[in-house]
Amino acid sequence: VKSEFIGFYQVAFNLIVSASAILSFSAIAMLPIFSRLKKEKLYIGFEKTRNITFLISISAFVFTLIIATFLVQIIYGDAYNQSVVYLRLFSLLIISFPLIALYQTYYTSQKRTKVISVLLIISTIINIFLNFVFINIGLGYGMNEAVLGACFATIISRYSYLAGLV
């Protein structure tokens, strides 16, 4: 894949990771609270936090879809307009990243870090495999399609990790 397309991919991914980090702050802040709560109160607290996080993430996803072109032009300029397509695809990660952070915090507070480790290893293997397959298939059509393959591989592997945590 040509370096310019890797740059477009990286621009989109970095914007999403930055936005997700801001949205994931509540998950980290919940660790001391989750650690002190037990059974029913823990479940109720986690459920409320998850629902609020989900609603905020959905809002951020829609917002990113709408302002993607404007955002790329303001931050990176017209030369990176190609990354708008990847940014819109990656905006799906704005939903998963904060939820993943919340579930990781929950499992950590319950001293169940082995679950996180195993799922992370599995999702990484899935990501490597899907990247290999989708990028090679995409290269048969063009550079843009190869990068789209990498985007899909990343999205699928992150959602498979989230599914394992749920």
Side-chain angles (χ1 to χ4, degrees), residues 1-28 50-107 113-166:
V1 179
K2 291 183 180 178
S3 61
E4 68 187 78
F5 286 92
I6 294 170
F8 297 146
Y9 174 95
Q10 200 63 46
V11 161
F13 190 74
N14 287 345
L15 286 171
I16 292 303
V17 168
S18 299
S20 296
I22 294 168
L23 294 172
S24 298
F25 79 93
S26 64
I28 297 161
R50 184 195 60 212
N51 292 343
I52 291 168
T53 300
F54 181 69
L55 290 174
I56 292 170
S57 298
I58 290 288
S59 300
F61 161 70
V62 171
F63 182 73
T64 303
L65 283 177
I66 293 168
I67 69 154
T69 302
F70 178 74
L71 191 64
V72 168
Q73 286 179 348
I74 291 295
I75 297 173
Y76 293 101
D78 290 334
Y80 286 87
N81 279 343
Q82 178 68 35
S83 65
V84 171
V85 172
Y86 312 135
L87 179 60
R88 287 192 170 130
L89 266 176
F90 276 146
S91 65
L92 287 166
L93 296 176
I94 288 180
I95 299 168
S96 68
F97 280 157
L99 291 172
I100 287 169
L102 185 63
Y103 275 97
Q104 285 175 330
T105 300
Y106 175 77
Y107 283 120
T113 54
K114 186 173 182 178
V115 173
I116 296 170
S117 300
V118 169
L119 290 172
L120 194 54
I121 290 167
I122 291 169
S123 70
T124 300
I125 292 167
I126 290 170
N127 189 30
I128 292 167
F129 174 75
L130 290 177
N131 267 308
F132 179 78
V133 171
F134 290 169
I135 290 172
N136 282 318
I137 290 171
L139 283 172
Y141 297 96
M143 293 294 157
N144 183 52
E145 288 76 8
V147 175
L148 287 172
C151 291
F152 285 121
T154 301
I155 292 166
I156 291 168
S157 66
R158 294 311 294 176
Y159 273 93
S160 66
Y161 180 52
L162 177 60
L165 290 171
V166 172

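Note that the structure is predicted; figures quoted are calculated from it, not measured.
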For side chain to side chain contact (heavy atoms under 4.5 Å, CB included), just list the numbers for L93 and F13, CA-CA rounded to whole Å, side-chain angles, deciding distance to a tenth of an Å, and then say yes or no.
CA-CA 9 Å; L93 296 176; F13 190 74; 4.1 Å; yes

Side chain to side chain contact (heavy atoms under 4.5 Å, CB included) assessment of F152 paired with L89
CA-CA 8 Å; F152 285 121; L89 266 176; 3.7 Å; yes

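Two residues are said to be in side-chain contact when any heavy atoms from C-beta on lie closer than 4.5 Å; F90 and R158 fail this criterion. Using a 4.5 Å cut-off on side-chain heavy atoms (C-beta onward), I16 and S91 make contact. At least one side-chain heavy atom of V72 sits less than 4.5 Å from a side-chain heavy atom of L15. Taking 4.5 Å as the limit, some side-chain heavy atom of Y161 sits within range of a side-chain heavy atom of I116. Using a 4.5 Å cut-off on side-chain heavy atoms (C-beta onward), V147 and M143 make no contact. Between Y103 and L162, the closest side-chain pair of non-hydrogen atoms falls below 4.5 Å.
A side chain to side chain contact (heavy atoms under 4.5 Å, CB included) with F54 holds for exactly one of N51, I58, I56; it is I58.
The heavy-atom pair separating S83 from A12 by the smallest distance is O-CB, 3.8 Å. Residues A19 and I94 share a closest heavy-atom pair of CB-CD1, 4.3 Å. Between S160 and S123, the closest heavy-atom pair is OG-CB, 4.2 Å.
With values rounded to the nearest 0.5 angstrom, I6 atom CD1 is found 11.5 Å from F8 atom CZ. Expressed to the nearest 0.5 Å, how far OG of S117 lies from CD1 of I122 amounts to 11.0 Å. A distance of 11.0 Å separates CG of L148 from CD1 of I135, quoted to the nearest 0.5 Å. In this structure, the separation between CG on L130 and CD1 on I137 is 10.0 Å, given to the nearest 0.5 Å. How far CD1 of I156 is from CZ of F129: 11.0 Å, rounded to the nearest 0.5 Å. Distance check, rounded to the nearest 0.5 Å: OH of Y76 to CG of N81 gives 13.5 Å.
Residue pairs that meet the side-chain hydrogen bond (donor to acceptor under 3.5 Å, both in side chains) test with at least one member in residues 52-69, sequence neighbours left out, are T69-R88. For residues 133-146, the side-chain hydrogen bond (donor to acceptor under 3.5 Å, both in side chains) pairs, not counting sequence neighbours, are Q82-N144, Y86-N144. Identified under the side-chain hydrogen bond (donor to acceptor under 3.5 Å, both in side chains) test for residues 2-13, with sequence neighbours left out: Y9-T154, Q10-N14.
Remark: side-chain polar atoms of Y159 are paired, donor with acceptor, to backbone N or O of L92 under 3.5 angstrom. Remark: the backbone N or O of L165 is paired with a side-chain donor or acceptor of Y107 at under 3.5 angstrom.
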